[in-house]
Amino acid sequence: MFLKYISSSSYKKLIILIVVLTGLFSVLFISLYYYLNSHESEVNKAATEQLQKQVHILVELKSEPIHSTITDYTFWDTFVDFFNNPDVDWFDESVATLIDSYDIDDVAAYDLDRKLIRSESTVNITSENYIPPSVFPLIYKNRFLKFYIQLPEGVIEVMGATVHPTHDPEKIITEPSGYFIISRLLDKEYIKNLEQISGANVFLSKNDFATHKDGHHEAITAKIPLFNWDHKQITSIVFSKPINIHSDIIRTIMYLIIIIFLINLLVILFFFKKWIYKPLNLIKRILEKKDKEAIKKLKKTPGEFGDMGDLFEINNLQTQALIKAKNKAEEGDRLKMAFLTNLSHEIRTPMNAVLGFSDLLRDANLSEKERLEYIEIIGKSGNNLVLIIDDLIEMSKIDSDQIEPNYTPVDLQNSLKDIYESLIITIPKNKLIDFQLELPEIPIEKKVLLDITKLNQIITNLLTNAIKFTDHGFIKIGYTIKASKNTLVFTVEDSGQGVHKDNLSSIFNRFSKIDKKSSEFKSGLGLGLAISKAYVEMMGGELSLQSELNKGSTFTFTLPLSFDTINGNFGEISPDNLVAKNNELIGTILVAEDDNINFLLANKLITSKNHTVIRAVNGFEAVEICLNNLEIDLVLMDIRMPEMDGFEAMKRIKLIRPDLPIIAHTAFVSEEIKLKIEDAGFYGYVKKPLQKDLLFNMINELLVNISKNQPHKTF
């Protein structure tokens, strides 16, 4: 009967077909609607979780530089000394400068009685001594504490740590000397910076936020709760970010699809597949597999799905940037740990020799030959320690842009001869090396404008490296002139073990050395070539290497050629510019030195030549002695002393006795210190560790000049 009813009327058939198709489509629509809601919920959930992870990493990265800074500063011997003997000037010069170097608003030092010793802050924080007393026991117990405080100025991020000596980086061996506090105001600039990095709206709020509407777009939120020292939440950093799903528009399109389907089912199916199914499938692939090809296709899709493709691409780029930042931070930590491990090994190796053979010297039954052998080993080990420290200081200066070329007129021929003669005697006798100096047949008659100190260091590093890795054969050092390019070309060639081609690209990297598995592994920090390359580039040149394993290496570097007729140099006195004396004179020498061990060494050396030594333990005492004792012939002046430093003492002594020669004795060896010593009017300077031959020659030269009543400077 039903079939008869259906066949009786085409109209009814169409009505029934439409009803059936409408019903089927309704089922399809309902299913699709359910899928859309579920998918939307998943997208919101995934996006919210992702945003939460991103902002957590972002806030941690914002705090990491300050955390690293307070960690570095709180195991420092000089800082420990500050708490024992507060030096406000030192604090202002060495600690308070952190405010200018980092995004910091306040630094403060407290003693163990919680009394503020010294603080410095920006105009952003006007509150004084705002750290609650109950915080310090927590810092003392945990050695480090991070928390937040609500002040009238706003929310303050505070990091506090106990201060310990350098040898106790884990802060478990020694008791704290005091507390160091670093604070930062979470101001508009901080919030704006977070917004720029995260691409979200950022604000501080105590309220909880859920997913909400932002115009036509869903907005997701993530928050980072901020706790005080008692772990009580005072506020939250809230990140609100729109997620462009266009659910309302999609639903409208679906309603239109129903109408179109009633008109033409085939058209509905065609456009549904084209406009809805494919883009959603791409979104699913993007969300499930992070498919980059799907993102490209989605971007080409007209309308909102194309916008979503752009947002997915931006999101991917942000994620990659965060991953790179995280990997970079982890790599920095790894390199730092590797460097510290290597540094510990390189320092402990010579220290082991110094301490071990010093202990052996106490044996009264040692032969004279053994005693001299042990002394020689101790001396070599001490020199190795000085070289390691010098390399670290130079690399630190290069990193902080504290070094600039100091160009002076240089006799290039004689300078290379001096380097050659100073290094040829360092070649071990068991090495069969033909050390050659190759100079142009037609020498440069004019003086060349160069930084001779850095040039000497570059060539010495390259030659020392060549000697280290060459057991037999030859080493050549020379230079040529490229007149067409107005350039000096220096070469250092050897027939040593060479460098494998896989290592050529990294040979100039810091801490880069031959593979430790190789039997040819040598000691050292691996900074020599890195320093040389930095110096060459600083002076406008290039350093390169050509090498073949087991066949030798050739280092080539260029420097701009510039002539100058200006003369004049100031530097450390060396054996080459000292006057040899046949008859040594006896004099009275004032040694201004506050350190007992350094004075003991200077006293032993000077009195061994029968000179009379008078000691001053600070600059003020040195001035008094020079005023009251006219028999003093010369002064050996330490630069850094308590009460009055060497520069001030020098100035006052010259007012009293302008003709009294004064030699600076210092551990500071930078170009800035050399220029300052020159400007102050010192006769010259000798650096620590003290070299006795240099000191004896200077003293003898001065006494000869005094005996002739012709004092002069050797600048």
Side-chain angles (χ1 to χ4, degrees), residues 77 165-167 173 342-392 421-433 460 464 467-472 516 519-525 572-575 578 580-581 584 586 589 591 593-615 636 638 665-667 669 686-700:
D77 290 338
T166 305
H167 68 271
I173 301 174
N342 190 33
L343 177 61
S344 175
H345 173 268
E346 296 301 335
I347 290 180
R348 287 177 182 274
T349 298
M351 279 302 299
N352 181 58
V354 171
L355 298 176
F357 284 99
S358 297
D359 187 59
L360 291 176
L361 285 175
R362 294 191 179 96
D363 188 353
N365 298 322
L366 282 178
S367 65
E368 182 65 17
K369 180 180 179 181
E370 289 175 320
R371 187 177 67 82
L372 293 176
E373 181 182 355
Y374 294 171
I375 291 174
E376 183 178 359
I377 292 173
I378 292 172
K380 289 181 178 179
S381 299
N383 288 333
N384 286 339
L385 276 174
V386 172
L387 291 176
I388 290 172
I389 294 171
D390 286 345
D391 279 351
L392 287 172
E421 292 171 358
S422 65
L423 286 177
I424 193 171
I425 62 175
T426 66
I427 300 177
K429 298 186 182 299
N430 62 338
K431 291 195 174 189
L432 304 176
I433 299 175
T460 300
T464 302
I467 294 171
K468 184 187 297 184
F469 293 101
T470 303
D471 293 328
H472 57 82
K516 292 187 178 181
S519 60
E520 295 298 325
F521 172 70
K522 307 293 181 181
S523 64
L525 285 177
E572 179 187 359
I573 304 302
S574 64
L578 294 178
K581 303 300 174 187
E584 295 185 347
I586 308 302
I589 300 172
V591 177
E593 174 62 66
D594 63 305
D595 185 84
N596 292 330
I597 295 177
N598 286 336
F599 171 74
L600 179 62
L601 175 61
N603 183 53
K604 288 288 185 182
L605 291 175
I606 296 172
T607 55
S608 69
K609 296 296 183 180
N610 297 320
H611 299 296
T612 300
V613 173
I614 299 174
R615 182 187 184 185
L636 182 64
D638 185 20
H665 185 210
T666 178
V669 293
V686 290
K687 68 181 181 181
K688 299 176 183 179
L690 191 60
Q691 295 175 283
K692 62 180 181 179
D693 292 337
L694 298 180
L695 179 63
F696 291 157
N697 275 292
M698 290 185 70
I699 293 174
N700 197 42

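One-based numbering along the sequence shown. Being a predicted model, the structure only gives us computed values, none of them experimental.
A 6.0 Å sphere centred on CD1 of Ile173 holds more than 12 heavy atoms belonging to other residues, nucleotides or ligands.
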Worked check of side chain to side chain contact (heavy atoms under 4.5 Å, CB included) between Val591 and Ile614: CA-CA 6 Å; Val591 177; Ile614 299 174; over 6 Å; no

Run the numbers on Phe599 and Val613 for side chain to side chain contact (heavy atoms under 4.5 Å, CB included), then give the verdict. CA-CA 10 Å; Phe599 171 74; Val613 173; 4.0 Å; yes

Given Ile433 and His472, is the side chain to side chain contact (heavy atoms under 4.5 Å, CB included) satisfied, shown in steps? CA-CA 5 Å; Ile433 299 175; His472 57 82; 5.8 Å; no

Asn430 and Asp471: CA distance, side-chain angles, deciding distance, side chain to side chain contact (heavy atoms under 4.5 Å, CB included) verdict: CA-CA 8 Å; Asn430 62 338; Asp471 293 328; over 6 Å; no

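Listed by chain and number, the residues in a side chain to side chain contact (heavy atoms under 4.5 Å, CB included) with Ile375 are Leu361, Arg371 (sequence neighbours excluded). Under the side chain to side chain donor-acceptor pair (under 3.5 Å) criterion, Glu373 pairs with no residue at all, not counting sequence neighbours. For Ser608, there are no side chain to side chain donor-acceptor pair (under 3.5 Å) partners at least two apart in sequence or on another chain. Remark: Asn596 engages Arg615 in a side chain to side chain donor-acceptor pair (under 3.5 Å) (not counting sequence neighbours). Looking at residues two or more places apart in sequence or on another chain, you find a side chain to side chain contact (heavy atoms under 4.5 Å, CB included) between Thr612 and Thr588. For the side chain to side chain donor-acceptor pair (under 3.5 Å) test, residues two or more places apart in sequence or in another chain that qualify with Thr166 are Asp77.
How far CG of Leu432 is from OG1 of Thr470: 12.0 Å, rounded to the nearest 0.5 Å.
A donor-acceptor pair under 3.5 Å is formed between the side chain of Lys431 and the backbone N or O of Lys468. Side-chain atoms of Lys609 never come within 3.5 Å of backbone atoms of Phe696 as a donor-acceptor pair (strictly under, hydrogens ignored). Not a single donor-acceptor pair under 3.5 Å links the side chain of Thr607 to the backbone N or O of Asn610.
Leu695 has its side chain within reach of Leu636: a pair of non-hydrogen atoms, C-beta onward, lies under 4.5 Å apart. Proximity of Asp638 to Asp595: side-chain heavy atoms (C-beta onward) are nowhere separated by under 4.5 Å.
Across all their heavy atoms, Asn598 and Glu593 have their closest contact at CB-CD, 3.6 Å.
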